[in-house]
Amino acid sequence: MKCYGNTIKLFCKSPSVVIPWLLLLAVENVILVRLYQSFMEVVHNSDAAGMAYPAFYFKDIQEICFLIFIFFLFISYEFMRKIREVSMDEILRVRGASGGMIRSNQLLVLGTAVVVHTLNISVYLWIGYQSLHTPGFYAEEIIKMLFIDIFLLSLASASIGTLISKLANRFAGYAVMLGILFLILPNTAALLLDCQINFHIPVFALRDLIYLIPADITAISDALYGMPLEAYRAAAMLFWILLALFVVGWGLLRDKKRIRMIYGIGMAAVVFITGYQVQDKGSVLLMADHPDSVIMEKAKYNMDEGGKKEKAAFTVSAYDMELSMKKELKAVVTMTIRAEKTLPEYIFTLYHGYRIRDVVDDRGNNLSFHQEGDYVTVDNSSMTPVKTICFSYQGHSATFYANSKACFLPGLFPYYPQAGFREIYQDMVFVGGDAPEADYRIRGLGQKPVVSNLEEHNGVLEGRTDQVILLYGFYEEKDVDGVSCVAYPLQPDSYENTSY
């Protein structure tokens, strides 16, 4: 405890450390007080009270994450360099402490600074939750936001600063921090995207690891999806925290070679797995400049020459689907085929973001297939009579998301195979096709409260329609003139403009 206490004194006596930390607390308090006051003014204004959306308040709080990242990056860098730069007298005040003990206590003090900062932010989250009459179900999102966007983000930023402090040259450390700043600035995203698309430089593989602040920080929140609190972002933060622990621990265990080797192999494996999870995002909603964003999905369609149009010589009379929505959509779809005669091939439209694993017939025989863009051709050159065709696939779309948090799969979007070739994008918008009615049976969604145009019976969706709608997330169903409509509690005016 004495070592810890003296390390806190070292923190407080270092102007380059304590002043930025106090400045961060002061700046964020000023910003958050003014933010709260502005929302309360709207609440008390009878003409605009309905515009004080709770989602907007919490989204605006996320904008300080950029400051948090920059400040803790600098604070940790300066503080972790102190072991090299302070005079011997100050180090000897921590009596009986080894260099490893000093380093460990520096990390603990940084953690304490993060906790104090997190508690400060939590006050504004709690006040906003109470004052803006936030729906109770959103409490979990707010807790996740506090943990991921404030606590983990601060720790991860401090971890990056700790790693940079290992550089012997101070100016080299500043150069690295400036490089990081360049990568995460919103104004540079378009330039980096251009480098990746036109010059095939995978800069976003690195940017996704370093860009720890919430995605689309300046974009309007999707009321159904909620806040961007996906697992890949938490994985990016854990990556840097674990990497810093790996590097620091490796140095502390210098004299214990066997333990050091076991520790090194174990931590390296965990760091690698965590880093892989960052790249394997799954289905997430990204609005801004990013190769996997909604904007880029539409741009890619605009750059294409256009889709195909070809009517199928068969129809699908029934669909039996088993769907799983965790990181992304995973599906096994069995289709009952009706055709006047056996065909040499069967053509389907399926969004290209879904990767087909295999296709089998009703006898369990594998059928060869060719997937090109949104179009799939199943080969039946043997002219074997086919009663059913089963597709197994998984993947995601940037626009039409489906994960454990929320799902937005309108019927116009071919998230399941549809007979024939058709265009799915025209004149900057996604379009539906003229599919004939079929019988549908959908399993595997568990207890998710899904909105659909099919009837639910014991966890199974069943019915007959021309296209299936699946939707869940932050919504509420309401009855309007005998018709079931969807409204969004995080967007109060949606109750006046409900959608079917």
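In what follows, every heavy atom counts, from backbone to side chain, and hydrogens, waters and symmetry copies are set aside. This one's a predicted model, so the numbers in the text were calculated from it and none came from an experiment. Just so you know, residue 1 is the first one in the sequence shown, and it goes up from there.
- Using cut-offs of 30° and 60° on the angle between ring planes, the pair Y354 and Y351 is perpendicular.
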Exercise for the section: Output, in order, the C-alpha distance, side-chain angles, deciding distance and verdict of side chain to side chain donor-acceptor pair (under 3.5 Å) for Y401 and D222. Expected result: CA-CA 11 Å; Y401 48 83; D222 184 303; 3.3 Å; yes

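- The two residues D149 and C65 come nearest to each other via the heavy atoms O-SG, 3.4 Å.
- K405 forms a cation-pi arrangement with Y225, by the criterion of a distance under 6.0 Å to the ring centre and an angle within 45° of the ring axis.
- Q277 and K327 are linked by a side-chain donor-acceptor pair at a separation below 3.5 angstrom, with hydrogens and angles left out of the test.
- Sparse packing is recorded around CD of E455, with 12 or fewer heavy atoms of other residues, nucleotides or ligands lying under 6.0 Å away.
- Ring pair F413/F408: centre-to-centre distance not below 6.0 Å.
- Pairing each heavy atom of Y416 with each of D466, the nearest pair is OH-O, 4.2 Å.
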Exercise for the section: Go through the steps for F391 and F348 under the test ring-ring contact (aromatic ring centres under 6.0 Å, His included), then give the verdict. Expected result: CA-CA 11 Å; F391 280 45; F348 298 90; 5.2 Å; yes

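- The pair K144-E230 fails the salt-bridge criterion, with no side-chain N (NZ, NE, NH1 or NH2) lying under 4.0 Å from an Asp/Glu carboxylate O.
- Other residues, nucleotides and ligands place no more than 12 heavy atoms under 6.0 Å from the CZ atom of R338.
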Exercise for the section: Show your working on side-chain contact (heavy atoms from CB on, under 4.5 Å) between F39 and F56 and close with a plain yes or no. Expected result: CA-CA 9 Å; F39 268 79; F56 287 0; 3.8 Å; yes

Exercise for the section: Decide side-chain contact (heavy atoms from CB on, under 4.5 Å) for I469 and L409; before the verdict, give the C-alpha distance in whole Å, the side-chain angles of both, and the deciding distance to 0.1 Å. Expected result: CA-CA 6 Å; I469 300 168; L409 295 174; over 6 Å; no

Identify each donor-acceptor pair in which a side-chain atom of residues 182-192 lies under 3.5 Å from a protein atom, sequence neighbours left out, and give them as a table.
residue	atom	partner	partner atom	Å
T188	OG1	F182	O	2.6
T188	OG1	L185	O	2.8

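- Rounding to the nearest 0.5 Å places CG of D292 at 5.5 Å from NZ of K281.
- Ring orientation note: the planes of Y440 and Y319 are close to parallel, at an angle under 30° on the 30°/60° scale.
- A salt bridge links R443 to D320: at least one charged side-chain nitrogen sits closer than 4.0 Å to a carboxylate oxygen.
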Exercise for the section: Would you please test E297 and S397 for side chain to side chain donor-acceptor pair (under 3.5 Å) and show each step? Expected result: CA-CA 8 Å; E297 183 172 57; S397 159; 3.0 Å; yes

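- In the model, E28 has a side-chain atom that pairs as donor or acceptor with a side-chain atom of H117 under 3.5 Å.
- Taking a 6.0 Å sphere around CD of Q279, one finds it holds more than 12 heavy atoms contributed by other residues, nucleotides or ligands.
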Practice task
May I have the step-by-step check of ring-ring contact (aromatic ring centres under 6.0 Å, His included) for Y129 and Y138, ending in yes or no?
Solution key: CA-CA 9 Å; Y129 176 78; Y138 210 58; 8.6 Å; no

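- Looking only at atom types and distance, the side chain of Y124 has a donor-acceptor partner in the side chain of N29 under 3.5 Å away.
- More than 12 heavy atoms of other shown residues, nucleotides or ligands fall within 6.0 angstrom of atom CZ in F137.
- Between the CD1 atom in I31 and the CG atom in D60 there is a gap of 11.0 Å [rounded to 0.5 Å].
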